[in-house]
Amino acid sequence: MNKIDNNKSNKTADNNLYAAQSHLYGKIWIWTAAVLLLFVPIAICVYYDAWPGFQPVFKGLLGVAPIFWTVGTIEVITFTPMLGTGGSYLGFVTGNLTNLKVPAALNAMEAVKVKPGTPEGEVVSTIAVATSSLVTTVVIGAGVLLLAQLTPVLNSPVLQPAFENILPSLFGGLAVVYVGKNWKIALVPLLFMLVLFLLVPSLASSVGILVPVGALISIGAARILYKRNKL
Amino acid sequence: MSFTTNAPFLYALAAIVILFVIAQSLFFLIRAYRQAKMLNMDTRQINKIIASTALFTIAPAVSILLGVITLSKFLGLPLPWIRLSVVGAITYELPAATSTATALGIPLAETIADPKVYSAIAWVMTLGIMPSIILVPLLLRRIQKGLVSIKNKDAKWGDLFITAMFLGMISAFLGMVFADIRSGLPGFIPIFVLLFSAILMAVCGLLIKKCGLKWLENYALPISMLGAMAFATVITPIIVG
């Protein structure tokens, strides 16, 4: 009995150490990434002696910052619970979360039948996000190197509809897995979004802002159903 | 210093950023793989996850590459390459470039020749996405503590909470697919594609459950996604004409 308890406490200690180190290494990597990102425009300004001045940057930011800072903040709150520690520190540096990293992580956890927030879920999510980041980097790198040959193919009218429909192609499959399993929770936010987009189609361009709205409605619906023992 | 948007110096900057992204990805991949072994997880299953995730990533990655090509028409290759390899997405980078160019009274119809305009665009692109990077190290522990406290109080509700969050995201994107239906039959194309993807996933599910094709579990999502994309190339010319 004591041996089993010891093994359990050793495993918990290992998991706690891994989690703590993930935060430490993650912070080092993400702050380095922040410095590196800022280094790019600074290096361009210094090398070409081309400082744009405060006003053009401020005016440019005015057009995008209110939306994208809001979406960025929302994404951190919404996606970090799904991605876990390693997945978050990596995914938020490599980007393309909604259309790539979050579905990749959740699909991987679903395939191995582990849950977000568990030690196994943490590992699987990190592996999925890292693999996805590496493959994306390789595909973009190869594409840039072979740009002259690839551009006519990628821009061909035959392939255009495929890339225009990448989100419905992705979310149709995901819906079967997740909505199918949790249709009671999904019903209310789905109906809400359906009506909203039918009434205001222009919202499609700012779908990022509607993700937390959907999440709040979904959490509210889940809470009511759970309290009434319907889940 | 003479300026072109495809200068070797800019390619050197791109190389540094790309190498950083590769190094960080490899670092986390190796750490997580080792931890999976420590947790006695089945390494064959983990390898399958890596293979299926890689396959699943190819199509969206090609779509990101298309974003690089789009932006390269006026920004050259290195800057879009940097931006879309870290944090950025075409849905953000294009408005950021357009907003800055408009503020400076410059049309984004041809390649930028003024280094000041170019650096202004680089600054706006960078500063516009900074919250995503800065907030993760500041908020992640707090968010996780909040989730742990929810789970400690009620484990089942804790799981439902995360599931509900993800369903909220899916709902927003599923709703978005219906945004164009008032424009006539072409507006229904995304819905047909979505339904085809769903049917493919359902067929995969049946094959896994009824025919025992366990290996499909890892590849059902890439198959449904790529199949639906192929379907889009078939139905679009028929519907649009």
Side-chain angles (χ1 to χ4, degrees), chain A residues 27 29 34 41 44-45 48 50 52 56-57 59-60 63-64 68-69 72 76 80 86 90 92 95 100 104 107-108 111 123 126-128 130-136 139 143 161-163 165-166 168-173 176 186 189-190 193-194 197 201 204 207 210-211 214-215 218-219 222, chain B residues 1 3 24-25 28-29 32 35-36 49-50 53-54 57 60-61 63 65 87 96 99-100 103-104 115-116 119-120 122-124 128 131-133 135-137 143 160 162 164-165 167-169 171-173 175-179 190 193-194 197-198 201 217-218 221 224-225 228-229 232-233 236:
Chain A
K27 279 180 182 171
W29 278 103
I44 292 168
C45 291
Y48 292 107
V57 176
K59 279 185 180 171
V64 286
F68 287 104
W69 284 359
V76 172
T80 48
L90 181 58
F92 278 88
L100 197 49
N107 183 52
V123 161
T126 306
I127 288 172
T131 305
S132 188
S133 302
L134 282 169
V135 173
T136 307
V139 169
F163 295 113
N165 285 288
I166 206 156
S169 302
L170 168 62
F171 281 95
V176 170
L190 262 177
M193 289 297 167
L194 200 68
F197 279 106
V207 66
L210 290 171
V211 169
S218 186
I219 290 166
Chain B
M1 196 64 67
F3 171 78
Q24 187 183 1
S25 304
F28 278 98
L29 179 63
Q35 183 66 8
I49 287 297
I50 292 174
T53 305
T57 302
S63 148
L65 176 64
V87 197
S99 167
T100 318
L104 292 166
K116 281 192 180 175
S119 66
W123 272 112
V124 173
S132 306
I133 296 261
L135 289 178
V136 173
I143 293 169
L160 283 172
I162 295 177
M165 272 181 123
L167 284 169
M169 181 184 102
S171 303
F173 282 93
M176 186 187 73
V177 169
F178 289 80
V193 174
L194 180 111
S197 168
M201 180 59 93
E217 275 181 351
N218 290 308
L221 189 62
S224 63
M225 188 173 76
M229 286 172 75
T233 65
T236 304

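We name chains A, B, ... by the order of the sequence lines, and we start the count at 1 in each one.
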Check [X] against [Y] and note the closest heavy-atom contact, atom names and distance.
| X | Y | answer |
| --- | --- | --- |
| A/T131 | B/A54 | CG2-N, 4.0 Å |
| A/A130 | B/S25 | CB-O, 3.5 Å |
| B/G128 | A/W69 | O-CD1, 3.1 Å |
| B/A122 | A/I44 | CB-CD1, 4.1 Å |
| A/I166 | B/S63 | CD1-CB, 3.7 Å |
| B/M165 | A/A215 | O-CB, 4.0 Å |

Tell me whether B/K116 at atom NZ has more than 12 heavy atoms from other residues, nucleotides or ligands lying less than 6.0 Å away.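 Counting neighbours around NZ of B/K116, 12 or fewer heavy atoms of other residues, nucleotides or ligands fall under 6.0 Å, so no.
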Taking atom [atom1] of [X] and atom [atom2] of [Y], what is their separation to the nearest 0.5 Å?
| X | Y | atom1 | atom2 | value |
| --- | --- | --- | --- | --- |
| B/F173 | A/M193 | CZ | CE | 10.0 Å |
| A/L190 | B/L167 | CG | CG | 8.0 Å |
| A/L194 | B/M176 | CG | CE | 13.0 Å |

Heaviest contributor of heavy-atom pairs below 4.5 Å to chain B, chosen from A/G72, A/P201, A/G63, is A/P201
As an exercise: rank A/A111, A/P52, A/A108, A/G95 by heavy-atom pairs under 4.5 Å with chain B and give me the winner.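 Looking at each of A/A111, A/P52, A/A108, A/G95 in turn, A/P52 comes out on top.
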Picking from B/A36, B/S224, B/P60, which has the most non-hydrogen pairs under 4.5 angstrom with chain A? B/P60
What residue, out of B/L135, B/T236, B/L221, has the most heavy-atom pairs lying under 4.5 Å from chain A?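 Top option by heavy-atom pairs under 4.5 Å: B/L221.
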Just wondering, do A/C45 and B/W123 contact through their side chains at under 4.5 Å, heavy atoms? yes
Flag the pair B/V177 / A/F197 as yes when at least one side-chain heavy-atom distance between them is below 4.5 Å, and no otherwise.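 With C-beta onward as the side chain, the pair stays apart.
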Checking the side chain of B/S119 only, and the main-chain atoms of A/P41 only, is there a donor and an acceptor separated by less than 3.5 Å?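 Between the backbone of A/P41 and the side chain of B/S119 there is no qualifying donor-acceptor contact (under 3.5 Å).
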Is a donor on one side and an acceptor on the other found under 3.5 Å between the side chain of B/S197 and the backbone of A/G173? yes
Taking it one step at a time, do A/N165 and B/M229 satisfy side-chain contact (heavy atoms from CB on, under 4.5 Å)? CA-CA 7 Å; A/N165 285 288; B/M229 286 172 75; 5.9 Å; no
For [X], is it the side chain, the backbone, both or neither that has a heavy atom under 4.5 Å from a heavy atom of chain A?
| X | answer |
| --- | --- |
| B/T233 | both |
| B/I143 | side chain |
| B/I50 | both |
| B/I49 | side chain |

Could I get the full list of ring pair (Phe, Tyr, Trp, His ring centres under 6.0 Å) partners for B/F3, not counting sequence neighbours? A/Y48, B/Y118
Which residues pass the ring pair (Phe, Tyr, Trp, His ring centres under 6.0 Å) test with A/F92, sequence neighbours left out? none
Evaluate A/I127 against B/L29 for side-chain contact (heavy atoms from CB on, under 4.5 Å), listing each step before the verdict. CA-CA 5 Å; A/I127 288 172; B/L29 179 63; 3.9 Å; yes
For residues A/S132 and B/T57, is any side-chain donor paired with an opposing acceptor at under 3.5 Å? yes
